[in-house]
Amino acid sequence: MDHFDYVDGAMRVEQVPMAAIAEAVGTPVYVYSTATLTRHVGVFSDALSALDDPLIAFAVKANPNAAVLATLAKLGLGADVVSGGELRRAVAAGIPASRIVFSGVGKTADEMRLALELGIFQFNLESEPEAEMLSEVALSMGKRAPVAYRINPDVDAGTHAKISTGKSENKFGIPYDRALASYAAARNLPGLDVQGVAVHIGSQLTDLAPLEAAFVKVGALVAALRAAGHDIRTADLGGGLGVPYDPALPVPPSPADYGAMVTRVTQGWNVRLLFEPGRVIVGNAGALLSRVIRVKQGAQAPFVIVDAAMNDLMRPSLYDAWHDIRAVKPSGQRAAANVVGPVCETGDTFAMDRDMDVVAADDLVAFMTAGAYGATMAGTYNSRALTPEVLVSGDKWAVVRARPPVETLIAGDIIPDWLKSVR
Ligand SMILES: *Cc1c(COP(=O)(O)O)cnc(C)c1O
């Protein structure tokens, strides 16, 4: 459910007409709804209400905008970060370090030092060499780092190959079969306080079965580690719950179904459970608003050329992702069209032969469910300005990241002395 609705024939987000935002900020622009964010946090938290003090750590990489993070911080979420930059963003947005988990396969010594200085809740380690480095860094600071190992359960998440992370051939985590040996080695590292187990098998999961299979393995490992004398106090079950993109596909499991499964599977584990939802919190809370530049004839369907491109929303070109594309002011007519951006790549295609609202030059369209892995992946390919972002709350709205002038892009490059003399 979201808060993008049609009132008197035109799309609004909460109480703000989309057209008003396009008029004031220009297009393309990402638009986020506070009401939808709030609703999703509530639904996810309610789904876990049978658990004792779960830590819900929002996966910052899904949407790191400071205003979005501040909204989620106010609602009590923690953060799952995968870089020093994300860690700084989370703290700057008001998320206490005691609610921050640090994931990622390539943490550097500098990033470890920063996280230790701030006093984060947990490092999710992904290899034995990483454990050794963290122990050394912590010792050099006179500290002990609270850690879990992310295990690779060798479960097929049944999602797109580029967002599947829990198969043995993927780069993530330590092999399940080696876990006891890795934990035994970690216990001997004096800079570490081994407190938990972590797992994350992939994103946009539309079936609970692979998640359950992974969690069952985590439960067995918690028991085996305790039997081996480890004081396991946390289990991090990762993120990954899918959201509906294409109404023609079956609806992904609800947070309530997910919560019920987790509550059942983790019964008797006697740990604090951690969760790292990203997409399910922010996905439906955002849309990419764009204007049609022109429509050109195609061999079959017409090409609708919009002012958003793959640099603004990479998911279709990167993951073959499907986004609903709606006219902001639909005429009522529908027809098949190809929706493309202006970038000089065939991959800059949002939809082919899509049955959609008929649109013409200057009409506004919205790419729905673009709040997760949208603006955060935007770039400046083809020397396009970075996409701005707007946050709406009721009848209020604010630019929460401005569109930088293209001059700043050009000014960012530095001409070396030997080229200056040429002029
Ligand atoms: C990306 C990521 C998440 C969030 O995944 P979603 O599918 O957005 O819920 C959680 N944990 C880790 C370790 C991740 O890399």
Enquirer: Restricting to pairs with a member in residues 375-390, which pass salt bridge (charged side-chain N to carboxylate O under 4.0 Å, His left out), not counting sequence neighbours?
Expert: Asp312-Arg384, Glu389-Arg401
Enquirer: Can you measure from CD1 (Ile201) to CG (Leu237) and round to the nearest 0.5 angstrom?
Expert: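 These two atoms lie 10.5 Å from each other.
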Enquirer: Tell me whether the count of non-hydrogen atoms from other residues, nucleotides or ligands lying under 6.0 Å of CE in Met133 goes above 12.
Expert: no
Enquirer: Could you walk me through whether Arg279 and Tyr245 pass the side-chain contact (heavy atoms from CB on, under 4.5 Å) check?
Expert: CA-CA 11 Å; Arg279 191 188 308 270; Tyr245 285 100; 2.7 Å; yes
Enquirer: Around atom CG of Asp52, are there more than 12 heavy atoms of other residues, nucleotides or ligands at under 6.0 Å?
Expert: no
Enquirer: For Lys329, does the NZ atom sit with more than 12 other heavy atoms under 6.0 Å from it, leaving out its own atoms?
Expert: no
Enquirer: Do Asp363 and Arg291 pass the salt bridge (charged side-chain N to carboxylate O under 4.0 Å, His left out) test, and can you show the C-alpha distance, the side-chain angles, and the key distance before you say yes or no?
Expert: CA-CA 6 Å; Asp363 286 354; Arg291 201 177 282 282; over 6 Å; no
Enquirer: Considering only residues two or more places apart or on different chains, which pairs with a residue in residues 71-87 satisfy side chain to side chain donor-acceptor pair (under 3.5 Å)?
Expert: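 Qualifying pairs, neighbours excluded: Asp80-Ser103.
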Enquirer: Using a 6.0 Å cut-off, check whether atom CD of Glu23 has over 12 heavy atoms from anything other than its own residue.
Expert: no
Enquirer: State the CD1-CZ distance between Ile232 and Arg272, to the nearest 0.5 angstrom.
Expert: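 Those atoms lie 15.5 Å apart.
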Enquirer: Not counting sequence neighbours, which residues clear ring pair (Phe, Tyr, Trp, His ring centres under 6.0 Å) with Phe44? List them please.
Expert: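 For Phe44 the ring pair (Phe, Tyr, Trp, His ring centres under 6.0 Å) partners, ignoring immediate neighbours, are Tyr258.
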Enquirer: For Glu136, give me all partners under side chain to side chain contact (heavy atoms under 4.5 Å, CB included), at least two apart in sequence or on another chain.
Expert: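 Scan of Glu136 (side chain to side chain contact (heavy atoms under 4.5 Å, CB included), adjacent residues dropped) gives none.
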Enquirer: Would you verify whether the NZ or CZ of Arg315 falls within 45 degrees of the ring axis of Phe367 while also being under 6.0 Å from that six-membered ring's centre?
Expert: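 Negative - Arg315 is either too far from the ring of Phe367 or too far off its axis.
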Enquirer: Determine whether Glu126 and Lys171 satisfy the following criterion, salt bridge (charged side-chain N to carboxylate O under 4.0 Å, His left out), listing intermediate values before the conclusion.
Expert: CA-CA 9 Å; Glu126 301 220 12; Lys171 71 176 177 179; over 6 Å; no
Enquirer: Can you list every salt bridge (charged side-chain N to carboxylate O under 4.0 Å, His left out) pair that touches residues 183-195, not counting sequence neighbours?
Expert: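 Checked against salt bridge (charged side-chain N to carboxylate O under 4.0 Å, His left out) - neighbours excluded - the pairs reaching residues 183-195 are Asp193-Arg233.
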Enquirer: Between Lys107 and Phe123, is NZ or CZ placed under 6.0 angstrom from the six-membered ring centre and within 45° of the ring axis?
Expert: no
Enquirer: Kindly compute the distance separating CZ (Arg12) from NE2 (His3), expressed to the nearest 0.5 Å.
Expert: 14.0 Å
Enquirer: Taking only Lys NZ, Arg NE, NH1 and NH2, and the carboxylate oxygens of Asp or Glu, determine whether Asp357 and Arg326 approach each other closer than 4.0 Å.
Expert: no
Enquirer: Would you check if there is a donor-acceptor pair between the side chains of Gln122 and Asn124 at a distance under 3.5 Å?
Expert: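 Judged by distance alone, the side chains do pair up.
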Enquirer: So, Ser290 versus Asp307: side-chain donor-acceptor pair below 3.5 Å or not?
Expert: yes
Enquirer: How many angstroms lie between CG in Leu274 and CG in Asp236, if you round to the nearest 0.5 Å?
Expert: 4.5 Å
Enquirer: What pairs meet the ring-ring contact (aromatic ring centres under 6.0 Å, His included) rule with one or both residues in residues 124-152, with sequence neighbours excluded?
Expert: Tyr149-Tyr183
Enquirer: More than 12 heavy atoms of other residues, nucleotides or ligands under 6.0 Å from CZ of Arg88: yes or no?
Expert: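 No, the 6.0 Å shell around CZ holds no more than 12 heavy atoms from other groups.
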Enquirer: Measuring from atom OG of Ser127 to atom CZ of Arg150, what distance do you get when rounded to the nearest 0.5 angstrom?
Expert: 12.0 Å
